[in-house]
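Below: the structure, in structure tokens.
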Protein chains: 2
Amino acid sequence: MPQSKSGHVTLSDVANATGYSVSTVSIILSGAPLSANVAASTRETIRAAAKRLGYHPDARARSLRKQRSGTIGVLAYDLSDPYCMPVVQGVQHGLQATDYLPLVMDAQTERKVFDKSLRLMLERRVEGVVVIASWMFDETSLLADIKKNGVPTLVVGRDLTPSGITSYLLDNEQGGRLAMEHLLQLGHKKIAVIRGPDGMFDSAPRWKGMLRALQQTSVTLAEQLTPQLPLLNTPGEAFEAGRSLVKHMLKSRRRFTAILAFDDLTALGVVRGLHEAGKSVPDDCSVVGFDDVLPARVATPAITTVHQPMRQMGLKAIEHMLTLVEKPGAVQELASLCLSTPELVERASTAVAAKKRALLV
Amino acid sequence: MPQSKSGHVTLSDVANATGYSVSTVSIILSGAPLSANVAASTRETIRAAAKRLGYHPDARARSLRKQRSGTIGVLAYDLSDPYCMPVVQGVQHGLQATDYLPLVMDAQTERKVFDKSLRLMLERRVEGVVVIASWMFDETSLLADIKKNGVPTLVVGRDLTPSGITSYLLDNEQGGRLAMEHLLQLGHKKIAVIRGPDGMFDSAPRWKGMLRALQQTSVTLAEQLTPQLPLLNTPGEAFEAGRSLVKHMLKSRRRFTAILAFDDLTALGVVRGLHEAGKSVPDDCSVVGFDDVLPARVATPAITTVHQPMRQMGLKAIEHMLTLVEKPGAVQELASLCLSTPELVERASTAVAAKKRALLV
DNA sequence: ATAAACTATTCAAAGCTTTGAATATCAACA
DNA sequence: TGTTGATATTCAAAGCTTTGAATAGTTTAT
């Protein structure tokens with residue numbers, strides 16, 4: 001049916017079918033201002049023909065001509081990480097009412113894929129880029145290209161203000177403090193901490209917050225009980241790491257009545273490791289996670305954790321982005337840092353310390 | 001720096017900077033066959049200039065001219081459902097070595113969003129569409145448009161061969177059989193089943209498979225112990241449904257020593273419900289899930305479940321798709337049905353039936 | 001009757017690339 | 001000298017849409 005080479009129905013097909021010119025058809029089907037002038041009968045004829053033929057405008061041609069792609073790139077470091085999707089959902093939500101379309105890409109924790117995705121976004125002329133937390137970002141030279149091309153960029157999940165990029169992230173330090181304070185309030189004195197890997201941005205501030213919470217107390221942390229996660233690639237690996245680290249700690253024969261894990265998956269691994277060693281949570285040992293992702297909510301006992309408002313962060317970021325793309329060519333304002341407030345959500349994996357039964361293997 | 005109106009560096013910018021014509025620049029930067037003819041020095045000059053200026057080809061213009069978008073649409077019914085991402089990963093994996101790009105969109109279980117996404121894909125001239133399981137699909141009239149425009153379509157997660165669409169899905173009936181047989185082998189006689197909602201494709205075959213497994217045995221299912229899930233929108237809802245249904249069943253005072261849940265999230269809800277009623281898994285009651293998603297693996301006890309090879313299904317689907325897009329205009333072959341084989345993965349949520357302690361509330 | 005003001009529609013250029021055909025240059029060959 | 005054949009580069013059209021300006025045609029005001 002369509003005559004054009006592409007196999008797709010074009011304006012020219014509709015024009016031929018109705019006897020009107022391509023311009024007229026375009027004006028009507030795109031709802032241009034000029035369409036106020038066209039006769040109602042014409043409008044009907046053309047609309048009907050378009051529908052009958054199955055016309056769908058070519059987004060590439062339109063976007064080329066209009067000099068606006070109507071697209072905002074969203075690049076996640078790993079979409080399969082339960083942390084990412086809520087952020088993306090926030091973005092999607094914020095874009096719903098607009099006529100921007102999120103182009104979501106997944107770096108799959110691979111540097112090469114990350115760079116390629118960024119390049120492809122640039123080529124598709126996204127009007128803005130939202131990057132979800134990635135260590136990969138600092139070294140990439142594409143960053144320079146993005147700036148050179150005047151595409152506004154935002155990052156959520158880590159602080160890149162030193163590189164001049166407005167950043168949305170959790171107040172990790174306060175989160176760490178909250179988690180530790182919770183355990184202290186429950187009367188725990190022998191506390192183990194599984195710290196985040198050095199290569200990850202969140203690690204240091206969370207740790208710092210925990211130490212700060214201890215400052216006014218007499219509680220100290222034993223070095224054997226503060227191991228560090230290696231740099232991981234998948235959520236599954238964090239689980240395994242938590243599981244094996246807790247087993248090592250049990251072997252160390254240092255008492256502890258509570259464990260503070262770097263994130264929820266690690267915490268779930270800890271629960272598993274404890275269980276395998278015959279310890280029960282929270283009776284023998286309390287466990288606290290971080291982030292509040294789905295697996296932590298649906299596990300039994302549900303994991304007490306520090307909630308990170310990922311959806312909200314995505315939403316706030318995209319709202320900011322919308323203001324940026326609406327004023328094209330404006331001087332990129334100073335990079336700002338937007339901290340979200342963490343919230344402790346108490347669930348079933350923590351309990352009052354049973355003083356007499358402090359865990360001793 | 002760039003002179004063109006768009007604010008992006010164009011071929012013409014590079015041409016001006018080097019003194020060569022736009023054609024020459026294009027030939028070199030796009031690696032066209034003709035580039036064999038150009039002088040090495042020219043090549044260098046132009047490449048250098050392109051890099052210096054930060055040139056990135058405009059994908060829209062290129063794709064318009066080449067009549068190929070190099071894009072394959074992937075439409076998931078809900079990206080935040082742990083079922084979807086593995087399929088998407090399989091697709092991504094299969095596309096890695098090609099120069100096709102997946103355009104992944106998320107319908108967020110909303111019919112309106114689903115239709116809009118499909119429309120946008122059409123407008124962006126995707127060369128193929130892979131839809132991940134959706135009840136929304138059958139009624140949409142866009143299906144007709146997609147066909148009219150000759151875009152090959154595949155679905156994974158449900159059987160749409162009656163509508164002429166090649167489908168990739170699990171052999172649900174065998175999956176149901178496997179799950180039930182597992183419980184029978186463990187000696188369970190009083191078995192409860194939480195059936196899937198009517199509106200969901202998988203429900204019937206899984207149920208049928210379970211019944212078939214019972215056929216050669218003397219075990220029967222009590223009607224009060226085979227409730228049905230309502231149609232749900234989010235993974236969280238399935239969890240809550242499982243939790244509340246199991247509580248109802250406990251109230252019914254019918255004995256059961258095992259529960260077969262429609263999917264993993266429901267199973268996790270069941271575990272929670274049992275736990276809240278003071279029952280332990282698997283000692284008092286075994287629980288079997290379905291799908292094998294991340295939360296089921298990292299929960300403790302880990303959920304015994306029927307593994308659905310989602311990654312592999314995504315991979316197989318996209319490989320098929322690649323053959324379809326390579327022969328444009330070919331007559332769409334007959335729709336075929338590709339069933340994947342389920343596998344039971346035994347974990348810690350099931351155990352031998354403790355005959356004497358059949359669960360009685 | 002004529003200018004002015006609408007109304008309804010079309011022209012033609014532009015947005016950025018790609019590419020078949022064309023041009024220009026130069027060497028070699030008969 | 002004129003032909004052939006490379007080699008290196010450019011012309012110009014096309015892909016589909018949008019849009020400022022232009023063209024007819026009709027009505028209103030003067």
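Within every chain, numbering begins at 1; the chains are lettered A, B, ... in the order of the sequence lines, protein sequences first and strands thereafter. Values below: all heavy atoms of this structure, side chains included; hydrogens, waters and symmetry mates excluded. All figures in this text were calculated on a predicted structure; none of them were measured in a lab.
- The shortest distance between the side-chain N/O atoms of A/Tyr55 and the OP1/OP2 oxygens of D/dT17 is below 4.0 Å.
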Atom pairs and distances, donor-acceptor, side-chain atoms in residues 36-47 of chain B, under 3.5 Å, two or more places apart:
unit_1  : atom_1 : unit_2  : atom_2 : d
B/Thr42 : OG1    : B/Tyr20 : OH     : 3.3
B/Arg43 : NH1    : B/Ser35 : O      : 3.0
B/Thr45 : OG1    : B/Ser41 : O      : 2.7

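- Between A/Arg111 and A/Asp115 there is a salt bridge, since at least one side-chain N of the basic residue sits less than 4.0 Å from a carboxylate O of the acidic one.
- Helix-axis bend for the helix from C/dA1-D/dT30 to C/dA30-D/dT1: the local axis fitted to the five terminal pairs at one end deviates from that at the other end by 70°, rounded to 10°.
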Which side-chain N or O atoms in residues 83-91 of chain A pair as donor and acceptor under 3.5 Å with protein atoms at least two apart or in another chain?
unit_1  : atom_1 : unit_2   : atom_2 : d
A/Tyr83 : OH     : A/Gln308 : NE2    : 3.1
A/Gln89 : NE2    : B/Ser80  : OG     : 3.3

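- Within the structure, side-chain hydrogen bond (donor to acceptor under 3.5 Å, both in side chains) contacts touching residues 316-325 of chain A (residues at least two apart or in different chains) are A/Tyr168-A/His320, A/His320-A/Glu333.
- B/Pro33 comes within 4.0 angstrom of nothing in the nucleic acid, heavy atoms only.
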Problem set entry | Base-contact (B) and sugar-phosphate-only (S) positions in nucleotides 6-12 of chain D, heavy-atom cut-off under 4.0 Å, - elsewhere | --SBBBB
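- For the OP1/OP2 pair of D/dT18 and a distance below 4.0 Å, the side-chain nitrogens and oxygens of A/Arg62 include at least one atom meeting the criterion.
- Comparing B/Leu29 and B/Leu64 by the nucleotide of DNA chain C that holds the closest heavy atom to each, the one mapping nearer the 5' end is B/Leu64.
- In this structure, CG on B/Asp159 lies 6.0 Å from CG on B/Leu169, to the nearest 0.5 angstrom.
- The side chain of A/Gln67 sits closest to C/dC16 out of D/dT18, C/dT17, C/dC16.
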Short N/O separations, protein against nucleotides 22-28 of chain C, under 3.5 angstrom:
none

